[in-house]
There are 2 protein chains.
Amino acid sequence: MKYKAGFCQFKPEFMAKEKNLETMVNLVSKTKADLIVFPELATSGYTFINLSEVEQVAETFQKGLTYIVMKKAAWDNNCSIVLGFVEEDAGNFYNSAMLINPDGSSYLYRKTHLFLHEKSFFSPGDTGFQVFPAKNNIKIGIMICFDWIFPEAARSLMLNGAQIIAHPANLVLPWCQQAMLTRSIENRVFTITANRTGVEKNNSLSNAFTGQSQITSPLGERLLQADDSSQITGIFDIFPEIADNKSVTAMNDLITDRRQKYYHS
Amino acid sequence: MKYKAGFCQFKPEFMAKEKNLETMVNLVSKTKADLIVFPELATSGYTFINLSEVEQVAETFQKGLTYIVMKKAAWDNNCSIVLGFVEEDAGNFYNSAMLINPDGSSYLYRKTHLFLHEKSFFSPGDTGFQVFPAKNNIKIGIMICFDWIFPEAARSLMLNGAQIIAHPANLVLPWCQQAMLTRSIENRVFTITANRTGVEKNNSLSNAFTGQSQITSPLGERLLQADDSSQITGIFDIFPEIADNKSVTAMNDLITDRRQKYYHS
């Protein structure tokens, strides 16, 4: 089944949740897609320097403004949406992403591998690498930004059945966009990396984000890639069921050829 | 400590073990190196069509001609050598690689993930992903060719302490040389892929090998790469202890940041 999937790359404004949500709703409304992935921490920006800032933008999953607004956007546009946000739960804060479907169902992922200063504000994710149904029952796995460097993240999502890995990101290191081609070919999955752009400063901290959001295929192809600075939506017609075929050759299958007893856990 | 490590890329002649060994000894003698990696099945060629051919070139580890000749070459040139060969043990055949050190010590790896027709002749490897001491006690992990596509192979070698992954190969697919950059950066290890060149035909079977042997660094750099057809030796001065540092940032370490409880085994 042809499936229009892709990313919205933009530059969230720091601490301006309502403005960012307005931008996101506007971007979704201009796009005919079945699945759209937004960056990590898309509603809040990234460069926190104290917990008070984190608290100000945090939301409880399925209760906050972001959930309400994006649930409506998913319904209005008949589109599944993945986006990163600051989550609060029982006094803990998580760097999380939600999947919201047109039918109103929604799912949560909490970033497993925190990067640098994130460790000062966020609790490490405890949701693991679950796979969720998106529009048309396509199987979506979510990982966030720095999760990419741990091959176990994408691997776990593939072994749990993901056809598409939605990958909200705020990338500052140079290697990820290339490495995601390897993640695709070693797991035979589609990946959608939605990265943000711009330089974000907060007192002495400054982050320069690399853009170049992209869509990759189970055959290790880069189907589409954005530049490093534009606000841009990239959508590609993919066939998610291609990801169900793990055959590399007539005699090699990426799942049945695995030999777990020899793998270091 | 500066360590001269690299590959000899060449075109083994099918079934001509003595001639191939002569070529290999000649290549080692012309090279000043601490570690040299030769391709997969370097002594025999690759394109077997029946077990009789496999039997003719098979050797018992630490007993056959290859072992005797290459042990002398390691001693004569004060160089650790990794090379692929057909191994016979208790009536089983393995696509194996041996590490032979100047001090006469030697170690065995049997290919874990067999590719295509190899499954018709070879038993799947049962040695796992051990790490061995090479010259100057540098820690070497070995994986062979198609092992590259399973992230667990390089990961297991890294977790077992490898500083350098020696990767004898007979590559025919297009993705490996790029993917090894990801293997390097996700594990912070050096990798040396020694690939063969040439087209090898045997009755109806034909294989075209891709050359482009390379050395990559723990920072995901391609330090050196051969072309796709030359007989060529590539040696680079590396500092293997760089691979002991798994820090990505001041707050991120590739080993201690792992969260095994969430990984699918």
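Lettering follows sequence order; numbering is per chain, from 1. Only heavy atoms go into these numbers, but all of them, side chains included; no hydrogens, no water, no symmetry mates.
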Worked check of side-chain contact (heavy atoms from CB on, under 4.5 Å) between A:Ser96 and A:Lys111: CA-CA 6 Å; A:Ser96 293; A:Lys111 187 175 186 177; over 6 Å; no
Region of A:Asp126 in contact with chain B, defined by heavy-atom distances below 4.5 Å: both
Parallel, tilted or perpendicular, as decided by the 30° and 60° cut-offs, for the rings of B:Phe48 and B:Phe122: perpendicular
Geometric class of the B:Trp175/B:Trp148 ring pair [parallel <30°, tilted 30-60°, perpendicular >60°]: tilted
Engaged part of A:Pro124 at the chain B interface, taking heavy atoms whose separation is under 4.5 Å: both
Note: B:Arg110-B:Asp89 ion pair, threshold 4.0 Å (strictly below): yes
Contact class of A:Arg183 relative to chain B, heavy atoms under 4.5 angstrom: side chain
Distance-only polar pair, side chains of B:Glu40 and B:Asn95, donor-acceptor under 3.5 Å: yes
Closest-packed option against chain B by number of heavy-atom pairs under 4.5 Å, given A:Met251, A:Arg155, A:Lys261, A:Glu152: A:Glu152
Proximal component of A:Gln260, with respect to chain B [non-hydrogen, under 4.5 Å]: side chain
Salt-bridge criterion met for A:Glu200 and A:Lys11 (N-O under 4.0 Å): no
Contact origin within A:Leu114 toward chain B - heavy atom pairs under 4.5 Å: backbone
Contact leader toward chain B among A:Asn160, A:Asn187, A:Leu116, where contacts are heavy-atom pairs under 4.5 Å: A:Leu116
Atom group of A:Arg259 that falls short of 4.5 Å from chain B, counting heavy atoms: both
Pairing of A:Lys119 and B:Asp257 as salt bridge, 4.0 angstrom limit: yes
Pairs of heavy atoms under 4.5 Å with chain A: top-ranked of B:Ser120, B:Pro151, B:Ala179, B:Pro174: B:Pro151
Atom group of A:Phe146 that falls short of 4.5 Å from chain B, counting heavy atoms: side chain
Proximal component of A:Thr112, with respect to chain B [non-hydrogen, under 4.5 Å]: both
From CA spacing to verdict: ring pair (Phe, Tyr, Trp, His ring centres under 6.0 Å), B:Tyr46, B:Phe209: CA-CA 10 Å; B:Tyr46 181 85; B:Phe209 302 99; 5.7 Å; yes
Contact leader toward chain B among A:Ala250, A:Gly125, A:Ala153, A:Ala154, where contacts are heavy-atom pairs under 4.5 Å: A:Gly125
